[in-house]
Amino acid sequence: MLRLALAFCALVWAFSLFAEEGRQHTPLGPFPLEGKIYNGQGQLVASAKVYPRYVEIFEEGQLLGKVGIMVDKGWAHIHLINQDDSLAMVGYAHKGRIFNSKDQPLGTYFWTPTYSYVYDLDGKRVGHTKCIAWPRVCSVAVAGYLLKLIQGPPPEAIQTP
């Protein structure tokens with residue numbers, strides 16, 4: 001029953017995301033807010049475009065996917081819309097911890113009013129970003145990316161025009 005409820009909520013979230021996409025021709029305020037994503041060595045590895053309800057993750061200018069967070073009873077479920085628009089729940093966050101979809105812990109995240117930091121299970125920092133708005137959505141999405149829950153297509157699947 002819980003899985004059915006989560007699937008329904010994910011579907012509602014996806015429809016609201018696509019409705020938001022349809023309104024992109026009319027910018028809504030200062031959106032998106034853009035942030036750089038750095039790895040544990042301080043090297044720039046990706047970027048994030050942060051919207052109120054979701055985050056787009058880019059590597060080398062290529063969109064990896066859109067990440068949305070659905071909060072259910074205190075659990076922030078990470079949903080990913082891949083480049084082919086398929087919806088997949090890749091993990092979830094709870095009380096600063098990130099889990100994959102098989103309930104295995106992968107690491108932790110912590111945010112301040114300005115920055116978000118991501119750590120692996122050994123406590124080693126794997127990266128950080130500046131999240132000045134919607135810190136929960138931004139932090140969880142960036143943590144999902146840095147902990148390898150969110151990855152782009154394999155190189156052979158990338159089609160060039």
Side-chain angles (χ1 to χ4, degrees), residues 6 9-10 12-14 16-21 23-24 26-83 87-153 155:
L6 287 174
C9 290
V12 169
W13 174 82
S16 68
L17 179 66
F18 292 125
E20 179 110 5
E21 285 291 316
R23 293 192 302 245
Q24 274 193 343
T26 309
L28 301 172
F31 311 120
L33 298 175
E34 296 189 36
K36 294 176 169 73
I37 302 172
Y38 298 92
N39 66 14
Q41 291 77 40
Q43 300 167 321
L44 179 66
V45 292
S47 65
K49 289 187 178 181
V50 182
Y51 295 86
R53 295 185 187 132
Y54 65 98
V55 176
E56 295 175 333
I57 304 286
F58 291 84
E59 264 184 7
E60 298 179 4
Q62 180 172 350
L63 177 66
L64 296 182
K66 297 175 186 173
V67 182
I69 310 300
M70 179 191 70
V71 179
D72 178 40
K73 297 180 184 174
W75 294 79
H77 300 275
I78 305 168
H79 293 273
L80 170 67
I81 295 182
N82 295 309
Q83 291 175 329
L87 178 65
M89 187 180 103
V90 295
Y92 61 94
H94 185 66
K95 295 184 179 180
R97 296 180 69 197
I98 297 286
F99 300 84
N100 64 16
S101 60
K102 297 175 183 165
D103 296 330
Q104 299 166 324
L106 298 178
T108 61
Y109 66 97
F110 172 77
W111 78 73
T112 70
T114 311
Y115 287 93
S116 176
Y117 301 95
V118 182
Y119 302 89
D120 65 15
L121 291 175
D122 295 327
K124 179 182 173 191
R125 185 185 297 177
V126 295
H128 70 279
T129 191
K130 191 173 187 177
C131 291
I132 60 171
W134 308 287
R136 184 176 207 170
V137 172
C138 181
S139 295
V140 173
V142 169
Y145 167 76
L146 288 170
L147 293 170
K148 307 292 186 221
L149 285 174
I150 301 161
Q151 299 177 9

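None of these values were measured; they are calculated from a predicted model. Hydrogens, waters and symmetry mates are skipped; everything else that's a heavy atom, side chains included, is used.
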Exercise. Can you check side-chain contact (heavy atoms from CB on, under 4.5 Å) on Val45 and Tyr145, steps first, answer last?
Worked result: CA-CA 10 Å; Val45 292; Tyr145 167 76; 4.0 Å; yes

For this session: Given side-chain contact (heavy atoms from CB on, under 4.5 Å), test Ile98 with Val118 step by step and report yes or no.
Result: CA-CA 9 Å; Ile98 297 286; Val118 182; over 6 Å; no

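- A donor-acceptor pair is defined here as one N or O able to donate and one able to accept, closer than 3.5 Å; such a pair exists between the side chain of Asp120 and the backbone of Asp122.
- Residue Phe58 qualifies as enclosed at atom CZ: its count of foreign heavy atoms under 6.0 Å is above 12.
- In this structure, the separation between NZ on Lys148 and CG on Asn100 is 15.0 Å, given to the nearest 0.5 Å.
- No side-chain heavy atom of Cys131 sits under 4.5 Å from any side-chain heavy atom of Val50.
- Minimum heavy-atom separation, Asp103 to Phe99: O-CD2, 3.8 Å.
- Here the shortest heavy-atom pairing between His128 and Tyr115 reads CD2-CD2, 4.2 Å.
- We find the OH-OG distance between Tyr38 and Ser47 to be 10.5 Å, quoted to the nearest 0.5 Å.
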Exercise. Is there a side-chain contact (heavy atoms from CB on, under 4.5 Å) between Trp134 and Leu33 once you walk through the steps?
Worked result: CA-CA 10 Å; Trp134 308 287; Leu33 298 175; 3.6 Å; yes

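- For the pair Val137/Tyr51, no side-chain contact is recorded, criterion being any heavy-atom separation below 4.5 Å from C-beta on.
- Note that CG of Leu44 and CD of Glu60 are 10.0 Å apart. Values are rounded to the nearest 0.5 Å.
- Listed for the Thr108 side chain is no donor-acceptor partner under 3.5 Å among the backbone atoms of Arg97.
- Considering CG of Leu64 and CD1 of Ile57, their distance stands at 7.5 Å, rounded to 0.5 Å.
- When every heavy atom of Thr129 is checked against every heavy atom of Cys138, the shortest pair comes out as CG2-SG, 4.2 Å.
- Residues Val140 and Tyr92 fail the side-chain proximity criterion, which asks for heavy atoms closer than 4.5 Å.
- Rounded to the nearest 0.5 angstrom, Arg136 CZ and Tyr109 OH are separated by 5.5 Å.
- Nearest approach of Val55 to Ala48, heavy atoms of both residues: CG1-CB, 3.8 Å.
- One finds the CD atom of Glu34 at 9.5 Å from the CD atom of Glu56 (value rounded to the nearest 0.5 Å).
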